[in-house]
Chemist: 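Please see the structure below; I have some questions.
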Amino acid sequence: MAETTASSDASKTYRAELLICAGTGCVSNRSFKIRDALEAEIRQRGLDDEVRVVTTGCQGFCAQGPIMIFQPDGIFYQMLTEEDVPLLVEEHLIKGRPVEKLMYVPPEGDEVVPKLSDIDFFRKQRLVVLRNRGLIDPEKIDEYIARDGYRALAKVLTGMTSEEVIEVVKASGLRGRGGAGFPTGIKWGLTRQAEGNGKCIICNADEGDPGAFMDRSIIESDPHAVLEGMAIGAYAIGAKNGYVYIREEYPLAMQRLHIAIDQAREYGLLGEDILGSGFSFDLAVHRGAGAFVCGEETSLIASLEGRTPEPRIRPPFPAQSGLWGQPTNINNVETWANVPVIISRGAEWYASLGTDTSKGTKVFSVVGKVNNTGLVEVPMGITMREIVFDIGGGIPDGKQFKAVQTGGPSGGCIPESLLDLPIDYERLMEVGSIMGSGGLIVMDEDTCMVDIARYFLDFLRSESCGKCTTCREGIAAMHDILADICAGQGEPEHIDLLGELAEAVSDASLCALGGTAPNPVLSTLRHFRDEYEAHIRDKKCPAGVCRALITYRIDPDKCKGCLLCTKACPEQIIRGEAKKPQTIDTEACIKCGVCRESCKFDAVLVE
Amino acid sequence: MVQDKITLTIDHTEVVADSGATILEAALAGGIYIPHLCYHPDLEPAGVCRLCMVEIEGRGLTIACRAPVAEGLVVRTESPEIDKVRRVAMELLIANHHVDCLACGQDGNCAIQKTSAYIGISEERLDALRKREASSPIDTSNPFFDRDPNKCVLCGICIRTCVELQRVSAIDFAFRGPETIVGTFANRPLAESRCESCGECVVRCPVGALLPKKFQQPAREVRTVCTYCGVGCGLYLGVRGDTVVSARGDDDSPVNKGSLCVKGRFGFKFINHPDRLTAPLIRKDGTLTEATWDEALQLVADKLSTYHGDQFATLSSAKCTNEENYLIQKFTRAVMGTNNIDHCARLCHAPTVAGLVQSLGSGAMTNSINEVMGAACILAVGTNTTAAHPVIGLQMKKAVARGTKLIVANPKEIDLCRFAHLFLQHRPGSDVALLMGIMRVIVDEGLFDKAFIDERCENFEAFKASLDDFDPQFVSQTTGVPWEKIQQAARLYATEKPASLFYAMGITQHTHGTDNVLATSNLALLTGNVGKPSTGVNPLRGQNNVQGACDMGALPNVYPGYQRVDNDEIRAKFEKAWACSLPAGAGVTHVEIFDDIERKTIKALYIVGENPAVSEANSSHVVDALKTLEFLVVQDIFLSETAELAHVVLPAASFAEKNGTFTNTERRVQRVRQVIQPVGQSRPDWRITCQIAQEMGKSGFDFASPEDIQDEIRSLTPSYQGITYDRIEQEGLQWPCPSADHGGTAILHTERFATKSGKASFVPLTYRPSAEVPDKQYPFILTTDRSIFHFHTGTMTRNVQGMDVLNGQELLDINPADALSLEIDNGATVEVSSRRGRVSVRAHITEACLPGVVSMTFHFSETPTNVLTNSALDPVAKIPETKVCAVQIEKPDSPAG
């Protein structure tokens, strides 16, 4: 296939390049259609020799997708449609007049910000892992190579011993980005020292946290960075085989990964005798079947071996006996993608980024009640406030910030009072959360923290592998209690019981799934105990979420009697004369909230 | 092996443990209880119940079942932290458990009761947790035990038992999170899964989730030996009053170490079956009518007195004890004056005795069951071990798990093939070609053990010359096995030492059965695999006491201990001991007895515990013959198809109702103990035989107990001389055991062979095809097989309620290609006919059979397979060829061809 082979376009120069985002978010907003339309329009205008359309991986600003960067001007176009294409070509390409109406307007203002470099979302980021994002076509190895790709591998193979590579990684301070934060260099060293017939490395791309898409985006935007990192790791560890364990739900990432592997093999960067060094390494892609617990190393290995994914007791650690009994090193996508830069720019440079204990950058997916949802890369040590308010653009619709959940479903909620906490592994632990793989879910005043804890535990109880008593039964028991509280059946002793259950589940479970599963309960209890008490004692849900604890009422002072709510109500239980205040039959109300959404005067109140 | 000892401190107590032990094991061995549910000493630790939480100084909380001991470790089993975590884990386990202890069969033995009592649980706390009221349906599909998921604590002990110990893998965890259950493949009912109903999981289930159906705690238990196959598993039968209500494996038995198969564990219900014979029957006006013992014994004695000499014959029983077989042959020889005595060994291992005596000097298994695990290579030829000898099959599976290379040679793809390194599927009847082919490779490639052959064998050159006929083309054409596979098998068997060879009926039940046996001994000798641990030629005996019946001389040519009747010196010894004169010539064999009955030379027959009307090849011929007898006495526990033809039927006691000894396949003489009083008026066989003799006015039959009989056996049988009841009270002894201070013989032929010269003899062989080969009219080869759920003609297992649920009817195994060309659907009824008879059975389409080969068992008297089989005999051993005959298969509506 023509697409799978590297193109020679990388060396040709153009008057203009249109970098259109082809991450999963923008693609599902029809960015491929826009690309096709652009190419057709450009061809029709006879500009195809001067202008090139490039499809890039995820550019991060998913909230504004589909997005496109116009180079060399650096103009950031957003929320494009196919209909915008003729105008864009006519005005910007032919007449040289950037189209203002397709540019970005920050949430707190009315002036457009034309250039990407001036947009806050991008300005505060520090791109190390995502160094090539939006700049290269991830399906073209030449574009990766043109940005110094595979130079680190060459450097390693031609001038460094395995031990030297491990020393550099150790000195860089890189820690596992999958969540646990184990020092990567030490892990490599253990696998290297382990005795065994053949060794292997695995890339964990089974990104299971709801709302997290860091790893997907890295593979979609720069798959060769991962492959190069793995090849370097394989050399350091002494492995000949590698596997990428990737979620079946990531078709685009998987496709780009396959293309990248094929191209790397074609270029002799994977396979036998890489770059004539005598070092051989190749890898295979394994699709996961959607079990959250496969994020756990030993489960992932069991799944790779074709067995039921269940964690097993360590020791032996995978570094001693992993896949098929071979010493095995597992790192996640982001960890591997860090490796080439560390080798190229040196451990000292890398270690200069971040905090005392957490070096480098971290990629976060910022989602939830925040203006700029998307993918961001920031130096370790940045505050949560900077991420949520400066990069994320704050909370939409003028609502109040309430909390941010880090570390996925088994992470914890951080309240407003801790927004200035510098983010690193240790600090997050201190406040009852974890770094996790990098999902950040922003919540506003309309979020009920008891309901949120119940939601995450519902996820975790069905993802528990079910072997350990405490994890299988304990998460379910905590969930049932939370559900009771949300349903207005909470008892005062439930709070203590939740605490005890949480402690036992955390202390007694075999793997990290059970070990961290109580975090949503513990952190909400710690920071939002008043909400629990309101549910239990006052039978009220302050956020107005738990249906059993709320009533809808129409404020007679605000109601204009427009009858929009009366018409929208599915139960037809809103009554009153036209142009006079309406009333809701609270007994019959099913609390669906349609009236509130339909009201133009904020007259429907939740209490 | 000397293990290092480790000293650690648990709860301020110094505990010494083996290195490699876990803290839990060390504590339990040291008498310190740590609550636990998922730990079982037979199994790998799973570490899932999380109850055995302990605190290791400097390391914090950990589970004791996975933490290895280390020198100087300081462990605490109690602390507020431990208690908190452990209590919550326990509460969580009980919260959703169906607590109906008083109605639960596990009450009193339940691990939940034990652990929760130790930890101390409050009902109030459980109320706060008790949420899910939903009940899951109980799986009652298995006829012997129920599976109640509501009581399951998901400890996984059943799963690990099935996977690690039994290697059946019928169950595993299914689903995730709180939905997790123990399930079968696709979550089908147990009876529809690959479960073999061995019940090992039921034994180990710590709670009431797996319980025997209608479970009754026995009032007392008696240690004895299983009555089914020749493995001779030790078991405890549990009794209430006069009813046997339970069976469990004897952990101390060197044979089975506690394991049992489905028949041993659940096949005891025949003992108290209402159809048991409870009174003597006498044929009056053509019908069998109840009579008193006096009447019956009088009639038998009067009648038999008129048939002295060769007009009379006896069929003894491999199900009876050694003492009974001894008495029956003594009765036949001393009272009736004939050597016309035989038993079903003729139909199973006569070629073993004939062949192995010729080559090695002794016709029994050379090695012992517990040596299976030590073999580097196992060749299992003509044995469906996991079905017919399940507990030995289990040893083979375990050996494979530990690295043994298993070669299976069988015309059918049997269960054992799942574990085999190499599977040779040869045509039925081509065994000599297959084994000689293997030996040809070994000789050609110089892989034979020259030193062993030179030192300990004879006749090698003549044997070697006989290999010339077995060139690759001939062998692979005859056997249907590619030459490469034969080469692989040869190399494996010859180089992976020690190599152990096992065989059963697939080798013996042929007109060339003796040649087959000789081929196996040639092969073992060629590679030096005899007389050493984990080697040998190991015939697996079928019946519980077929070895003993042979040992006791229930054979037409030998007295007890294989002492020949045609040896004057020996005969004189027995004449003196029994105070009578004895016939000098050998008697006639099993199949020949029926020929002689037809010829009217034998007029009276005494059958003890055999059912030739179903078990004999060409059985219609046997039934016809039995009907012509002037006098037929049948002594049995049920009114078998054979007993229905008798003039007098004598009700015998089952193995659970008498004392005595059985000799298992590895020559181990073991005690059988009386568990209940004989059912109804039935009497032990030994007593009946004695009473007939006494009624006939003969002396030498006034024994008070089986032990008295054993004393007489010892005095006349050199190989049993050292075996007394006292010595075998705990563990059996393996013969030869020539003196009271001899410890028995685990391995035969270690120093010299039991032949005259002391050397083993190679025997040159030629290939002879089976007596009946397929032709146009009868185009298929029918071979016979066994089901794990039934035994022999089903007299016992068909009277165990439930076995029919697991396997209720005969099935004709047929290859899909043949079924397609005959247009037969799976489950359709077909007519199978041979030159001798016709049977209607359902077809079971399976790739286990090669095209052109079909297979049936013979457990079902309503579809008697043996009306089809061929009674052509092996010229030496006189065994009929039940493994190969030619048949035709038709759909019922198609015109007869």
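Each chain gets a letter, A, B and so on, in the order its sequence line appears, and its residues count up from 1. Please read all numbers here as calculations on a predicted model, not as lab measurements.
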Chemist: Closest heavy-atom contact between A/Gly466 and B/Thr180?
Modeler: CA-OG1, 3.3 Å
Chemist: For the interface with chain B, which of A/Ser506, A/Ser464, A/Ser462 has the highest count of heavy-atom pairs at distances below 4.5 Å?
Modeler: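 Counting heavy-atom pairs under 4.5 Å, the top option is A/Ser464.
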Chemist: Does atom CD of A/Glu195 have more than 12 heavy-atom neighbours, drawn from other residues, nucleotides or ligands, at distances under 6.0 Å?
Modeler: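 Atom CD in A/Glu195 is not crowded, with 12 or fewer foreign heavy atoms closer than 6.0 Å.
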Chemist: Before you tell me yes or no, could you show the steps for A/Glu500 and B/Glu91 under side chain to side chain contact (heavy atoms under 4.5 Å, CB included), namely the whole-Å CA-CA distance, both residues' side-chain angles and the distance that decides it to 0.1 Å?
Modeler: CA-CA 12 Å; A/Glu500 273 184 61; B/Glu91 287 167 348; 5.6 Å; no
Chemist: Tell me, yes or no, whether the heavy-atom count around B/Phe185 atom CZ, taken from other residues, nucleotides or ligands under 6.0 Å, exceeds 12.
Modeler: no
Chemist: Run the salt-bridge test on B/Arg50 and A/Glu473 with the 4.0 Å N-O cut-off and return the result as yes or no.
Modeler: no
Chemist: About how many Å separate CD of B/Glu81 and CG of A/Asp507, when rounded to the nearest 0.5 Å?
Modeler: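 Here the interatomic distance stands at 9.0 Å.
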Chemist: Heavy atoms only: give me the nearest A/Ala291-B/Arg176 pair and the separation to one decimal.
Modeler: CB-NH1, 3.2 Å
Chemist: Supply the atom-to-atom distance A/Ile475 CD1 to B/Leu92 CG, rounded to the nearest 0.5 angstrom.
Modeler: 10.5 Å
Chemist: Are A/Leu497 and B/Arg125 side-chain neighbours, meaning at least one heavy-atom pair lies under 4.5 Å?
Modeler: yes
Chemist: Can you check whether B/Val48 reaches A/Leu510 side chain to side chain, under 4.5 Å on heavy atoms?
Modeler: no
Chemist: Mind ranking A/Glu493, A/Glu491, A/Arg312, A/Glu503 by heavy-atom pairs under 4.5 Å with chain B and telling me who comes out on top?
Modeler: A/Glu503
Chemist: For the candidates B/Leu154, B/Thr62, B/Leu37, which exhibits the highest count of non-hydrogen atom pairs separated by less than 4.5 Å from chain A?
Modeler: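 Among the listed options, the one with the most contacts to chain A is B/Leu154.
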Chemist: Would one find more than 12 heavy atoms of other residues, nucleotides or ligands at under 6.0 Å from atom OH of A/Tyr455?
Modeler: no
Chemist: Where does B/Ile63 contact chain A at under 4.5 Å (heavy atoms): side chain, backbone, both or neither?
Modeler: side chain
Chemist: Can you tell me if CZ on B/Arg418 sees more than 12 non-hydrogen neighbours from other groups inside 6.0 Å?
Modeler: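 Atom CZ in B/Arg418 is packed in, count exceeds 12.
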Chemist: Of the non-hydrogen atoms in A/Ile313 and B/Arg66, which two are nearest, and what is the gap between them?
Modeler: CD1-CG, 3.0 Å
Chemist: Chain B heavy atoms under 4.5 Å from A/Cys468: which part of the residue, side chain, backbone, both or neither?
Modeler: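 Contact with chain B is through both the backbone and side chain of A/Cys468.
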Chemist: Could you tell me whether B/Lys114 atom NZ has more than 12 heavy atoms of other residues or ligands within 6.0 Å of it?
Modeler: no
Chemist: Sub-3.5 Å donor-acceptor pair from the side chain of A/Thr469 to the main-chain atoms of B/Cys49, do we have one?
Modeler: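 Yes: the side chain of A/Thr469 pairs with the backbone of B/Cys49.
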